[in-house]
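All remarks here apply to the structure that follows.
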Amino acid sequence: MTESPDSRSLVSASSQLNLMEIEAIDDKEFDIPQVDTPPTLESILNEPEDEDEPFILEDTCLLNTENIDAHSCETSSLSVYVHLRRRKAVETNATVHGSVLRRNVLKGISAQIVSAADKVDAGLPTAVTVSNVIAVGTSHGLALVFDQNQALRLCLGTTATGAEYGAVSALSINHDCTRLLCGFAKGQITMWDLANGKLLRTITDAHPPGTAILHVKFTDHPALAVCNDSGGSVFELSFRRVMGMRTCESRCLFSGSKGEVCCVEPLHAGPELKDHPITHYSLLAMASLTKILLIGLKPSLKVWMTFPYGKTDPASVPLLAWQFVAVQKTINPVLAFCRGDTIHFLLVKKDESGIIHVIKQRQLLLNCDLISLSWINPRTLVLMDSTEKLRVVDRPSQEELETVDMAELQLVYNSSHFKSLATGGNVSQALALVGEKTCYQSVCSYAGQIMYLGTKSVHIMTLRNWRERVDYLLKQEKFMEALSLAWSLHEGTAKAVLGLFADPAKRKGVVADKMVEILLQYVDRSLKKCPEQGKIQVMEHGKCDHPSHFSKISLLFRDLLFNQIYPRLVENSVARGVFLESLEPYILSERIGCLTAAVMRDLLSYFQENGMMDSVEGCLVHMDITNLDIQQVVQMCWDNQLYDAMIYVFNSGMNDYITNAKMHIISFSHLSPSTDEHVVMGNKLLVYISCCLAGRAYPLGDIPEDLVPQVKNQVFEFLIRLHSVEAAQEEEVYPYIRTLLHFDTREFLNVLALTFEDFKNDKQALEYQQRIVDILLKIMVDNSDFTPSQVGCLFTFLARQLAKPDNTLFVNRKLFDQVLEFLCSPDDDSRHTERQQVLLELLQVGGVVQFDEERLLELAEKAEFYQICEFMYDKKHLYNKIVDCYLKDPLRKEELFNYIHNILSMPGYSSEEKQLVWVKALQHIKDLVSINSAKTAELVAVHFADEVQSIITSLQDDYLAFQFLKCLLNPREGLNPQTVLRLGPDLHELLVDLLCQFSPQQVTAFLKTSQDYRLEEAIQITEKHKLHEATAYLLEKKGNVQGAFEVLLQTLKGKLHKLALEGSEADKPDGEEEETGDEVQSLLRRVEEALHDIIALCQRSSHGLNQQQREALWFPLLEAMMSPQKLLKGADTKHTSDALKELTMKVLNSMSSFIAPPAIIQRILQDPVYGKGKLAELQGLILGMLETFNYEQTLLETTTNLLNSDLHWSLSHLRKAVSRGLHPRQYHCNICLQQYKRRQESEEEIIIFSCGHLYHCQCLQRKEVGVLSERQYSWSCYKCTSNQGSRPADRPSAESSRSRSTSLAQFFTSQVQPGEVGLLHHRCCLATLDAQQTQAWDHFRTLYRGPSRLSVLTELTHSHGNERAGLSNPVHPGTGSIYHSENFQLKLSPPPLVEE
């Protein structure tokens, strides 16, 4: 939102610092090791550019040093609020900062910039600077100077000068606003007198020609400035006036050849800080493309610090900004710098000894790429990102306060100057890339204001004072945001605050006035929009603003809330209801503890009228009720069953802790048991009594300390009363204790136990304790109203109390014996588990000392309390008898195995004890197997491995032996692999026999997994039980393939015979047809399974047989499949016949891989079923065989073509590599160093190697680098082999006889004529490869070829196991092939479609 500038001066003096109001800040974080010797400028220029420093120190909290708003000095009308009760801080859902920046458009200056461009051809704006005046440079070389009222004072320069110098690229005004420096795009610098507009200096030789001025800056020293050109260099400009002549001396501070600087920023101090010790050094910060340099110009040039950026985006803009901040009542400069999205801070301070320290502080990480960085006050930064959005950031908290879109400004960029377009663009690529987003000359800050230069306007940003920020939200009717902002100002948590007192009391007083004003405005607005009638739920969902929100902040102003605001809301019933409901959460959280009588009365009435009794109870127990009508409140609570509230009223209002308990017990006794109300009230009673006896108030808080003993005595007296008031004649004694015991015995006794813990030396309390114990025994013993569990709870409670070392209770031991008889009564079988558990708990807490152990053990065995027996035996270390306890206990039999294992394996038991348990377990091994055979087997494998044979004998039951051996010997039954035993073959054969009897379907699987049986005995067992599949497996394993085949064949024939008989039967009744069909399908499945087994056997065996032996296997199988088809005649058998033919086809397909097709066809034609039929009946079989033949033929041809293609490719590339011409690196011999063309007396032999080295043949022979083999020399390069560390002649001759050539050389003969270049004649070419060439050739093959087709096919063959023939194991031609696998598919592309 754009606002017009007010009548104030554009330049304020708000930068002064009041040191008296600076709070103390801990400075420990600055106490870090300092740099003893600062680096020199030369060392920085010569150091690597990519260094990085990994450590970052924490920042300090920098204080606000803004001026105080004059309006804030008013006296607060609510200063009495300071004396109100302090409450917890009110939470807000989100921090509200409001509008932090005020944005003004300098319309006067903006209009004159546009007018100058049109009327005097001033050009577009290019740079801006501000001091007491505002100067704007243009693209045609003019500098327009405006005063504080936006009036044009001076127009410096001419368009003719602009045509010579180029655009104004940089501007700077000195500290007293008397001089203006202008830098130009073509490298010139001019100085102007701002008082009269006179040109004082024109500087043309301050820096190398042909570079643009990027920055020109005055320092605080009146005769010193710095400039930065597009070559990346920085120069110091010293202005002097000698004998009326103005001169300028230039000194290079940083050379662009060492790293280009693209930003400079001298430290400026205001008049109030002119005596600061740091200002005398004339600090200058420089930002190159890789690092920050901090140097001092005075008294001599000195480098103070260098800091690298680390890894950044090369297109990001380096940014610098100085600001004085206050730390520990000391003001020191801080340099903020960044490149990209991370802002670093450096604090410069001078210690007491005069040493300067530059200290890193906590960095600020953003999620955007920055192009501008400015301080607006010592705590607040204003940043602009690459999307032209301003971001206001609070530095101490690193919180982003506001975002402002500046797109309409049309910011001016300095890209053309960084690319030096006016001088021909002679800049580095890195600097030109950075210049794409630079706007250094378009942003300037001065005295808490930041100015931004656009193409047609100038915008200025300032901070709003705190009142403006609140009023800005109020104008938009954002009352909740305004309240939230005011609250943060009140609490001192607001950011970027301007115009508030630093003193907390004064600050809170001023803000409190504003908060009251906001609250009253909000109430008036809410009442105007709130209807007089309607449902509150509708109001809360947005038909009017919720008038309860202001109560969050008005909690501090109780008088305002209940004496001014509430009377206004009472007039509107809906607003009144919403307000009263909104009080509930603050009452429950104890933020409001006391209400006025009228508000409290209205609150209770409203809740009661609307049926919100739970809310009434919740509010009552959190409030001071001394100003209420107690009788009315008690009656309301009693009528609505608000027990907690009623107890609170009695306790807090009347200090009566007995009456309400009495009323509750009377009411409780009349309720029907097991109802929800009965349970709730009973639990409340127990908790209430527990709180009273513990000295705590119910439902929250504590009883006053002076009342605690009195309350405890009253409660004890109440509990032990013999009769209640107005008791009937039939009432039993001690009704109160009796009622609580009947409700929950265990919890009531727990309450008493907790109370007894507090009884130490209180004599009266100990008397109460004994008295209550006597009453409990009197009530519960010999009383049939209580269950064994309740009686057990009592004696468990007593046993715990008696076991304490400081016990003072006395209990007759005969009572314990009586309880023992009661719990172990054999006449009562009900609640057996409950009685046992109660007695066990009693013993575990120390009650065993109260009993005769022998008597206890006798009664426990008689009552079958086996856990009690175990407890007693364990105490006596009779672990072997505990085994009997587990066996007799039906609920814990499964736990016996772990118990035995633990006793036998864990330390802590004697060898005699372990031996007794081992013997006991062996005696009951039959029982253990009956309980769980798997766990028994595991136990035996670990602890009884030598007793397996005796265990089998002792079982005396075949089925138990079968279950035990199956778990012990079969690893599939779950026995851990590490516990599997290796026993003799007789036990395995016994298991095979038992498997044949009880689980015949598992016999074959066991035979395949186990290897510990004897084949002959196992065959006899399976033949005895007629398990043909298992017998066939054993025969095949033995090597008797024919015998296995005969067994399976007989099984198949039997099933086929049954199928033929079943299928040939006809003319059955209709009721039996469906049953016959199901039976035929079942027989077909059995036949298919048997056929699958016998085919698999034949395929496995055929690889190692000759043709005759194969025919002896396959043809009987084929005959067996075709012979039953003779019996199937008629239409009724068509389905069975078709199924058998399909199975026959399966046999033919399988045998075609091993039997020659002519032999198969001949055998088929000899069969009556097929031989006497028509050709159509043979067509399916023959076509199937032909299809298989065509498939294999296509596969063979394709494979052959692929292999031939690979071979041709390999040979052609090898030939190309060998016949390639060689080019020498030099034209001289690498041994004698003589050029071969200079030797003219005779022909000479020249040898060139593939590495490019050239030698005379005679030189190589003298060096003995040739190896004679098969009447030819095998040469190797002398220079290459010498570099490898050994002479070639010393190498073993085996290297020259490798399968691949070891050298590649070409022989040439040269005849050189005087004055001519020798012509090389190819005399002989011997193709051999040395070691280096061999490696290169292998690498070449790897790059240009994958695995060969032959290796792929071989791998495919091997992957199919032993069942199929592979290329490494050739078989008879045409008899075996990997491609007959059903899973193998040859993926060939389809033929192309040809359009006719």
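What's counted below: heavy atoms across the whole structure, side chains too, no hydrogens, waters or symmetry copies.
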[X]: side chain to side chain donor-acceptor pair (under 3.5 Å) partners, not counting sequence neighbours:
X: Asn174; result: Asp176, Thr178
X: Ser353; result: Asp351
X: Ser238; result: none
X: Glu260; result: Ser428

Those residues that, when tested against His276, pass ring-ring contact (aromatic ring centres under 6.0 Å, His included) (two or more places apart)
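Only Phe324 meet the ring-ring contact (aromatic ring centres under 6.0 Å, His included) criterion with His276.
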
Ignoring hydrogens and angles, tell me if any N or O in the side chain of [X] forms a donor-acceptor pair with the backbone of [Y] under 3.5 Å.
X: Asn414; Y: Tyr440; value: yes
X: Asn228; Y: Ser233; value: yes
X: Ser169; Y: Gly183; value: yes
X: Arg464; Y: Leu101; value: yes
X: Ser288; Y: Thr290; value: yes
X: Asp385; Y: Glu388; value: yes
X: Ser488; Y: Leu485; value: yes
X: Trp375; Y: Ala321; value: yes

Of all heavy-atom pairs between [X] and [Y], which one has the smallest distance, and what is that distance?
X: Gly137; Y: Leu171; value: N-CD1, 3.4 Å
X: Pro378; Y: Val325; value: O-CG1, 3.6 Å
X: Leu409; Y: Leu453; value: CD1-C, 4.2 Å
X: Val510; Y: Arg467; value: CG1-NH2, 3.7 Å
X: Asn132; Y: Gln148; value: O-CG, 3.3 Å

Not counting sequence neighbours, which residues clear side chain to side chain contact (heavy atoms under 4.5 Å, CB included) with [X]? List them please.
X: Ser316; answer: Asp313, Arg339, Asp369
X: His268; answer: Asp220, Pro266
X: Gln398; answer: Arg362, Leu364
X: Cys439; answer: Ile371, Ser372, Leu411, Tyr413, Ser442, Val443

For the residue pair [X] and [Y], establish whether any side-chain heavy-atom pair is separated by less than 4.5 Å.
X: Leu390; Y: Leu383; result: no
X: Ile359; Y: Lys349; result: yes
X: Met451; Y: Ser445; result: no
X: Met515; Y: Leu489; result: no

Evaluate the criterion side chain to side chain contact (heavy atoms under 4.5 Å, CB included) for residue pair Leu194 and Val145; output intermediate values, then yes/no.
CA-CA 8 Å; Leu194 290 178; Val145 181; 4.1 Å; yes

Got a sec, which residues hit salt bridge (charged side-chain N to carboxylate O under 4.0 Å, His left out) with [X], two or more places apart in sequence or on another chain?
X: Glu402; result: none
X: Glu400; result: Arg391
X: Arg179; result: Asp193

CG/Leu214 to OG1/Thr438 distance, rounded to the nearest 0.5 angstrom?
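Reported value, rounded in 0.5 Å steps: 8.0 Å.
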
To the nearest 0.5 Å, what is the distance between NZ (Lys291) and CE (Met305)?
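Nearest 0.5 Å value for the NZ-CE distance: 12.0 Å.
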
Could you tell me whether the side chains of His215 and Gln441 share a donor-acceptor contact shorter than 3.5 Å?
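Gln441 and His215 do have a side-chain donor-acceptor pair below 3.5 Å.
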
Is it true that the side chains of Glu399 and His97 contain a donor and an acceptor less than 3.5 Å apart?
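Side-chain D/A pair, Glu399 to His97: present.
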
Criterion side-chain contact (heavy atoms from CB on, under 4.5 Å) against Leu335, the qualifying member of Ile292, Leu283, Val348, Leu267:
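Per the side-chain contact (heavy atoms from CB on, under 4.5 Å) rule, the option paired with Leu335 is Ile292, out of Ile292, Leu283, Val348, Leu267.
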
Would you call the rings of Phe239 and Phe218 parallel, tilted or perpendicular, where under 30° means parallel and over 60° means perpendicular?
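Taking Phe218 first and then Phe239, their aromatic rings sit tilted (interplane angle of 30° to 60°).
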
Indicate the ring-plane relationship of Trp304 and Tyr281, choosing parallel, tilted or perpendicular according to the 30° and 60° boundaries.
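If you compare the ring of Trp304 with that of Tyr281, the planes turn out perpendicular.
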
Go through the steps for Arg379 and Asp394 under the test side chain to side chain contact (heavy atoms under 4.5 Å, CB included), then give the verdict.
CA-CA 6 Å; Arg379 298 172 64 96; Asp394 180 69; 4.2 Å; yes

